[in-house]
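Below is one structure, written out as structure tokens; the observations come after it.
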Amino acid sequence: MNQSPIKTHGRFITFEGMDGAGKSTQIALIAETLRAHGRNVLCTREPGGTKLGEKLRELLLGMEMHVDTEAMLMFAARREHLAAVIEPALAMGTWVLCDRFTDATYAYQVGGHGLEAVRCDALEAWVHPHLKPDFTLLFDLPPALAAGRVAANGTEPDRFERKRHGFFERVRAAYLDRSRREPGRFHVIDATRKPHEIAREIASVFGERAWL
Ligand code: TYD
């Protein structure tokens, strides 16, 4: 059986929000701080995190496809990621910091593209029935600001970054809705603020949990 409940000793922390919200910088900073406090830390991302996952990422970010296909490929990459990277790391006591996870599928495919939520529920129940992030930081930002930041970083926008404004309004609303349903798991960050202010807030939230 490959789906028995796993005993987690490390913490599984996910980072969510729109492109351009500044997640990557903050993940690197908090990883460094956790390491300085003696924790083993693994930083990873979705879609991706494994060789196969990175190939699926290329397809997902580069090709137009039906939203069902998109959701299934996201979860296929996730299954591989959990089995090969996340679950073994947690079992060894490693802290896993993951740039996006299943909340992103609810936000982008369900909220943004209108995939029926029951389909996402079914895929989630299949792929990780026993595992939820211990904690999720949601970087919240008005879509217009996020788009400006993506444009300013000079890289070619991927398929998701080229979507229209209304798409990102729906993504944002879906994220915020999820955060309201699980207030204990989510911490919403106002990502319009300066990086050093956000870093201070994250360190303080981790400190409150006695993680630092
Ligand atoms: P991300 O790694 O944040 O992109 P970048 O490298 O440009 O910062 O995420 C890649 C894109 O994939 C992002 O636009 C959101 C999208 N995505 C989904 O649509 N569904 C998902 O389940 C995940 C994990 C990501």
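Along the sequence shown, residues are numbered consecutively beginning with 1. When reading the values below, keep in mind they use all heavy atoms of this one structure, side chains included, and skip hydrogens, waters and symmetry mates.
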Does Leu97 form a side-chain contact (heavy atoms from CB on, under 4.5 Å) with Phe12? I'd like the steps, not just the answer. CA-CA 6 Å; Leu97 308 186; Phe12 182 33; over 6 Å; no
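Only one option out of Arg159, Arg100, Arg172 pairs with Asp19 in a salt bridge (Lys or Arg N to Asp or Glu O under 4.0 Å); it is Arg100.
One N or O on the side chain of Glu161 and one on the backbone of Asp158 form a donor-acceptor pair closer than 3.5 Å. Under a 3.5 Å cut-off, the side chain of Arg57 and the backbone N or O of Gly48 do not form any donor-acceptor pair. Here the side chain of Glu54 pairs a donor or acceptor atom with the backbone of Gly49 at under 3.5 angstrom. Within the 3.5 Å criterion, the main-chain N or O of Pro195 finds a donor-acceptor partner in the side chain of Gln26. Side chain of Glu16 to main chain of Phe101: a donor-acceptor pair is present (N/O by atom type, distance under 3.5 Å, no hydrogens or angles).
Cluster membership check: Leu137 shares its hydrophobic cluster with Val41, using side-chain heavy-atom separations under 4.5 Å among Ile, Leu, Val, Met, Phe, Trp and Tyr. The same ILVMFWY cluster, assembled from side-chain heavy atoms under 4.5 Å apart, contains both Met18 and Leu176. Following chains of ILVMFWY side-chain contacts shorter than 4.5 Å, one can reach Leu34 starting from Ile198, so the two form part of one hydrophobic cluster.
Residues Asp99 and Thr44 fail the side-chain proximity criterion, which asks for heavy atoms closer than 4.5 Å. Taking 4.5 Å as the limit, some side-chain heavy atom of Thr136 sits within range of a side-chain heavy atom of Asp103.
For Arg181, the CZ atom sits in a loose shell: 12 or fewer heavy atoms of surrounding residues, nucleotides or ligands are nearer than 6.0 Å. A 6.0 Å sphere centred on CD of Glu116 holds no more than 12 heavy atoms belonging to other residues, nucleotides or ligands. Within 6.0 Å of atom CE in Met65, more than 12 heavy atoms from other residues, nucleotides or ligands are found, so the atom counts as buried in its surroundings. Within 6.0 Å of the CZ atom in Arg180, the count of heavy atoms belonging to other residues, nucleotides or ligands exceeds 12.
Side-chain N/O atoms of Ser179 and Arg185 include no donor and acceptor closer than 3.5 Å. One side chain, Arg78 or Thr102, offers a donor N or O that lies under 3.5 Å from an acceptor on the other.
Rounded to the nearest 0.5 Å, atoms CG (Leu56) and CD (Glu70) are 12.5 Å apart. To the nearest 0.5 Å, atom OG1 of residue Thr33 and atom CD1 of residue Ile202 are 9.5 Å apart. Atom CZ in Phe15 sits 7.5 Å away from atom SG in Cys43 (nearest 0.5 Å). Summarising the geometry, atom CG belonging to Leu115 is positioned 6.0 Å from atom SG belonging to Cys120; distances are rounded to the nearest 0.5 Å. Once rounded to the nearest 0.5 Å, the distance linking NZ of Lys23 with CG of Leu138 reads 10.5 Å. Arg170 CZ to Lys163 NZ: the interatomic distance, rounded to the nearest 0.5 Å, is 9.5 Å.
Judged as a ring-ring contact (aromatic ring centres under 6.0 Å, His included), the pairs with a partner in residues 75-96 (not counting sequence neighbours) are, in order, Trp95-Trp211. For residues 188-208, every residue pair satisfying the side chain to side chain donor-acceptor pair (under 3.5 Å) rule, not counting sequence neighbours, is listed here: His187-Glu201, Asp190-Thr192, Arg193-Glu201.
A ring-centre distance under 6.0 Å is not found for Tyr106 and Tyr175.
Under a cutoff of 6.0 Å and an axis angle of 45°, Arg178 and Phe186 do not form a cation-pi pair.
Partners of Ala89 by side-chain contact (heavy atoms from CB on, under 4.5 Å), not counting sequence neighbours, listed by chain and number: Leu42, Thr94, Val96.
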